[in-house]
Amino acid sequence: MNLRWSGDTMLLVEFDQAIDPEINAQAIGLAARLQSRLGHIVRDVVPSYCSVGIHFDPLLTDLGALERVVEEEANRRPSEDADGSQRPPIDIPVEYGGEAGPDLDAVAEWASCTAAEVIARHSAPTYRVYMLGFVPGFAYLGRVDSRIAVPRRRVPRDSVPAGSVGIAGEQTGVYPISTPGGWNLIGRTRTRMFDAARMPASLVQPGDLVRFVAARPL
Amino acid sequence: MSDAGLIVKRPGLLSTVQDLGRWGHQALGVPVAGPMDVYSHRLANLLVGNAADAATLEVTLIGPDLQFEGRSLIAVCGAEFDIAVNGQQAATGASLVVAAGARVQFGRRRAGARAYLAVAGGLRTPVLLGSRATHLVSAMGGVDGRALVAGDRIPYPPYEGLPLSRRAPLAILPNQGRARLRILEGPQAEWFSKSARATLGSVSFRVSPRSNRMGYRLEGPPLARAHDGEPISEPTPFGSIQVPSAGEPILLMADRQTAGGYPKIGAVIAADLPVAGQLAPGDRIEFTWCTRHEAAAALIARERPLLRVADADGRA
C-alpha cells in the first residue's frame with residue numbers, strides 16, 4: 001500500500017496494482033470509511049480498480065492530519081467493510097445482436113464460435129462492478145469469459161447508441177448515454193443506467209454484482 | 001419577488017453556467033466541471049457580494065450579447081474584454097448596477113481566453129446533484145446541459161440593494177499568449193525517463209486547436225517512457241498532465257473524466273490552474289518544476305488579493 005500526492009489537490013492510496021476482486025473490495029471499503037470520516041471536510045473520495053483518490057481544497061486542509069487519517073484507515077482491514085457483493089445482483093435485460101448488437105457476428109468470428117455461444121458466454125457470469133468512470137453511470141464490469149474477451153476496436157465509432165452493451169478485453173459495460181466509443185457492441189438495453197434526478201442517480205455502485213439477461217427483442 | 005430573466009441575444013462562442021463544480025459524485029463517474037479559471041469566477045462573485053459558489057456565466061473567446069429584464073448588480077472578471085452597457089463602455093474588474101432592460105455586450109477581447117459574468121444573487125438554473133455547473137459531454141447542469149443559444153432566458157433575482165462599487169485586483173492572465181505553469185511530480189513520474197522530465201520542465205509547448213474544456217492537447221517533443229505498459233485507471237485531478245503512448249502530453253482541465261489510464265508525469269499546481277484556464281489554442285506553455293512548499297506558498301500568495309477585496313468596503 002502506497003500513499004502519494006497527486007499534484008497538490010489529491011491524495012492517492014494505491015493498493016497492489018492489479019484488477020482483482022479482493023484488492024478492489026479493499027479500495028471500495030477504504031473509500032466508504034474515508035467518506036464517512038472525512039466526507040464533510042474533503043471534496044470527494046473516489047475509488048477505482050485498486051486505488052482511492054481523496055480530492056481536497058489545499059487552502060482549507062491540514063495536510064498532515066489528512067495523511068494521518070488516510071494512512072490509519074488504509075492500514076486497517078476491517079472484516080465488517082460493507083461490500084456491494086452483499087447486495088443481490090442487479091439483472092440487466094439485453095437485446096442481443098441484430099441492429100442492437102452490430103459487432104456480435106464479428107465477436108463470434110474472432111472467438112471461433114457461434115453468435116448464440118457468444119451470448120451464452122456473455123450472459124452466464126455474474127460480473128463485479130469494479131468502478132465507474134468515463135461518463136456518469138458507466139460501470140466497468142469484469143471479468144469477461146476469456147474466450148470472448150475481444151480487444152477494443154481499432155477505430156472507435158463516432159457515436160455509440162445509448163444503452164449499448166459492449167466488450168473490450170476482459171471488461172464489459174453499458175454506455176449510459178450516446179458517446180464516441182471503441183468497445184465491441186453486442187447488444188442494447190433499455191435500462192436507464194444513470195438519471196441525475198433519481199435517488200441514487202446510478203443504477204449500480206462500485207462493488208455491486210451485475211448479470212446480463214438475454215431478452216426477446218420487442 | 002420572482003426571478004427576472006437574463007435574455008441571450010447572441011450567445012458568443014461558448015458560454016456556459018458554472019459554479020464551483022459538481023463535487024462528491026466522481027465515484028459514480030460524474031465529472032466535476034466548474035470554471036476553467038476559478039480565481040476569476042470567485043473574484044467576480046466577490047465583487048457583487050455573492051458567496052463563492054454562486055453560479056456565473058463563463059464566456060470564451062467571443063462573448064455574448066445579453067439583456068437584463070430586471071435591475072442587477074454585475075461584474076465581469078478574467079479575460080479583458082471591451083464591455084458596453086447600453087452602448088456605453090463599462091469597466092471590467094469592477095461591480096456596477098445595470099437598470100432593468102439594460103443591454104450588456106461583450107466586444108473585443110484583449111487578453112486571456114475566458115471571463116466570468118457574476119450577478120448579485122447568482123444565476124438560478126436548476127441544481128443537479130448539488131451543483132449548477134455545466135458538463136457538456138454528459139449534458140448535465142446549467143441550461144439543459146449545453147452552451148447558451150440565442151433566445152435562452154436565465155433566471156436571476158432582481159437586485160434591490162444599494163449601488164455597490166468594488167474594484168478587483170487584476171486577473172492573472174497569460175502574458176501575450178504565453179504562460180508559465182508550475183508543476184509537481186505526478187503519480188507515474190518515474191515511468192518517464194529523466195530526460196523526458198527535464199524536457200517537460202524546459203521546452204515550451206503549444207496548445208493545440210484540438211483542445212477544449214476537457215483538456216488541452218499540447219504540441220511539442222514527445223515524452224519518452226522509462227518502461228512499457230499502461231497504469232490501471234485511477235482518479236485524475238484538474239491539472240494532471242497525462243501522456244498517451246504517442247508521447248504528446250494532455251493537460252486535464254475542468255470537464256476531464258473522473259479517472260484515466262494514461263500515465264501522469266506531473267500536475268499543475270493549484271495556484272496556477274486559473275492561469276491555465278486562460279489559455280487558448282495557439283498559446284504557449286512553459287512548465288517549471290517546483291516543490292510542495294513553493295506550491296503552498298504560491299497558493300497563499302494568490303489568495304491575498306481576494307481577502308483584501310472581501311475586507312475593503314467600496315460602497316458608493
Side-chain angles (χ1 to χ4, degrees), chain A residues 2 4-14 16-19 23 27-28 31-32 35 39 42-59 63 130-140 171 176-180 193-194 196-197 200-206, chain B residues 20-32 126-130 135 137-141 145 182-189 229 231-241 252 257-261 264 266-273 290 292 294-296 298-300 302-303:
Chain A
N2 217 358
R4 47 202 317 174
W5 300 101
S6 188
D8 55 350
T9 64
M10 191 179 87
L11 179 57
L12 192 59
V13 179
E14 291 179 321
D16 287 337
Q17 295 293 288
I19 298 179
I23 297 174
I28 293 168
Q35 177 63 40
V42 298
R43 284 169 163 165
D44 219 336
V45 180
V46 188
S48 56
Y49 283 100
C50 44
S51 301
V52 181
I54 301 105
H55 296 263
F56 57 86
D57 183 339
L59 270 173
L63 300 185
Y130 278 88
M131 61 173 281
L132 281 81
F134 174 56
V135 291
F138 186 99
Y140 289 89
Q171 300 170 327
I177 57 174
S178 178
T179 59
M193 301 302 292
F194 186 86
S202 175
L203 181 71
V204 303
Q205 318 273 323
Chain B
L20 291 178
R22 189 165 288 109
W23 290 100
H25 308 280
Q26 289 180 89
L28 301 182
V30 179
V32 177
V127 174
L128 210 59
L129 291 176
H135 187 260
V137 167
S138 58
M140 282 183 74
R182 287 163 292 190
I183 54 176
L184 292 165
E185 285 200 339
Q188 288 87 36
I232 296 173
S233 239
E234 63 181 21
T236 44
F238 194 156
S240 293
I241 301 168
L252 296 182
Q257 292 175 1
T258 55
K264 293 179 278 298
V268 173
I269 67 173
D272 288 348
L273 291 177
C290 76
R292 299 205 165 273
E294 286 166 339
L299 197 57
I300 292 168
R302 282 275 187 256
E303 277 304 295

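Naming: A, B, ... by sequence-line order, numbering from 1 per chain.
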| remark: Scored by heavy-atom pairs under 4.5 Å with chain B, the best of Gly7(A), Ala31(A), Ser51(A) is Gly7(A)
| message | Nearest 0.5 Å, please: how far is CG in Leu299(B) from CG in Leu59(A)? | response | 4.0 Å
| note | Note: Ala196(A) and Leu129(B) closest approach over all heavy atoms is O-CD2, 4.0 Å
| If every non-hydrogen atom of Val135(A) is compared with every non-hydrogen atom of Val137(B), which pair is closest and at what distance? | CG1-CG1, 4.5 Å
| Top contributor to chain B interface from Gly53(A), Pro136(A), Ser48(A) [non-hydrogen pairs under 4.5 Å] | Pro136(A)
| said: If you compare all heavy atoms of Thr9(A) against all heavy atoms of Ala270(B), which two are closest, and at what distance to 0.1 Å? | reply: CG2-CB, 3.9 Å
| said: Give me the atom names and distance for the closest heavy-atom approach of Thr258(B) to Gly133(A). | reply: OG1-CA, 3.6 Å
| Which bit of Ile19(A) is near chain B, if near means a heavy-atom gap under 4.5 Å: side chain, backbone, both or neither? | both
| said: Please classify the contact of Glu14(A) with chain B as side chain, backbone, both or neither, using a heavy-atom distance under 4.5 Å. | reply: side chain
| field | When Ile177(A), Asn2(A), Leu12(A) are compared by non-hydrogen pairs under 4.5 Å with chain B, the top option | value | Leu12(A)
| field | Portion of Leu128(B) that has a non-hydrogen atom of chain A nearer than 4.5 angstrom | value | side chain
| said: If I measure from the heavy atoms of chain B, does Val42(A) come under 4.5 Å with its side chain, its backbone, both, or neither? | reply: neither
| said: For the interface with chain A, which of Ser233(B), Pro31(B), Ser138(B) has the highest count of heavy-atom pairs at distances below 4.5 Å? | reply: Ser233(B)
| request: First locate atom OH of Tyr130(A), then atom CD1 of Ile232(B), and finally report the distance between them rounded to the nearest 0.5 Å. | output: 10.5 Å
| message | Quick one: does any side-chain atom of Arg4(A) pair with a main-chain N or O of Pro187(B) as donor and acceptor, under 3.5 Å? | response | yes
| query | At a heavy-atom separation under 4.5 Å, does Ser6(A) approach chain B through its side chain, its backbone, both, or neither? | reply | both
| field | side chain to side chain contact (heavy atoms under 4.5 Å, CB included) assessment of Phe194(A) paired with Met140(B) | value | CA-CA 12 Å; Phe194(A) 186 86; Met140(B) 282 183 74; 4.2 Å; yes
| request: Please tell me if the side chains of Pro231(B) and Gln17(A) come closer than 4.5 Å, counting only heavy atoms from C-beta onward. | output: no
| task | Go through Phe138(A), Tyr49(A), Phe134(A) and name the one with the most non-hydrogen pairs under 4.5 angstrom from chain B. | result | Phe134(A)
| Does Ile23(A) have any side chain to side chain contact (heavy atoms under 4.5 Å, CB included) partners at least two apart in sequence or in another chain, and if so, which? | Phe15(A), Asp16(A), Ala18(A), Asp20(A), Cys50(A)
| Can you name the salt bridge (charged side-chain N to carboxylate O under 4.0 Å, His left out) partners of Arg292(B), sequence neighbours left out? | none
| note | Tightest non-hydrogen contact, residues Pro235(B) and Met10(A), listed as O-CE, 3.4 Å
| field | Selection from Gly24(B), Ala259(B), Ala267(B) maximising heavy-atom pairs under 4.5 Å formed with chain A | value | Gly24(B)
| request: Measure distances from His25(B) to the heavy atoms of chain A and classify the residue's part below 4.5 Å as side chain, backbone, both or neither. | output: backbone
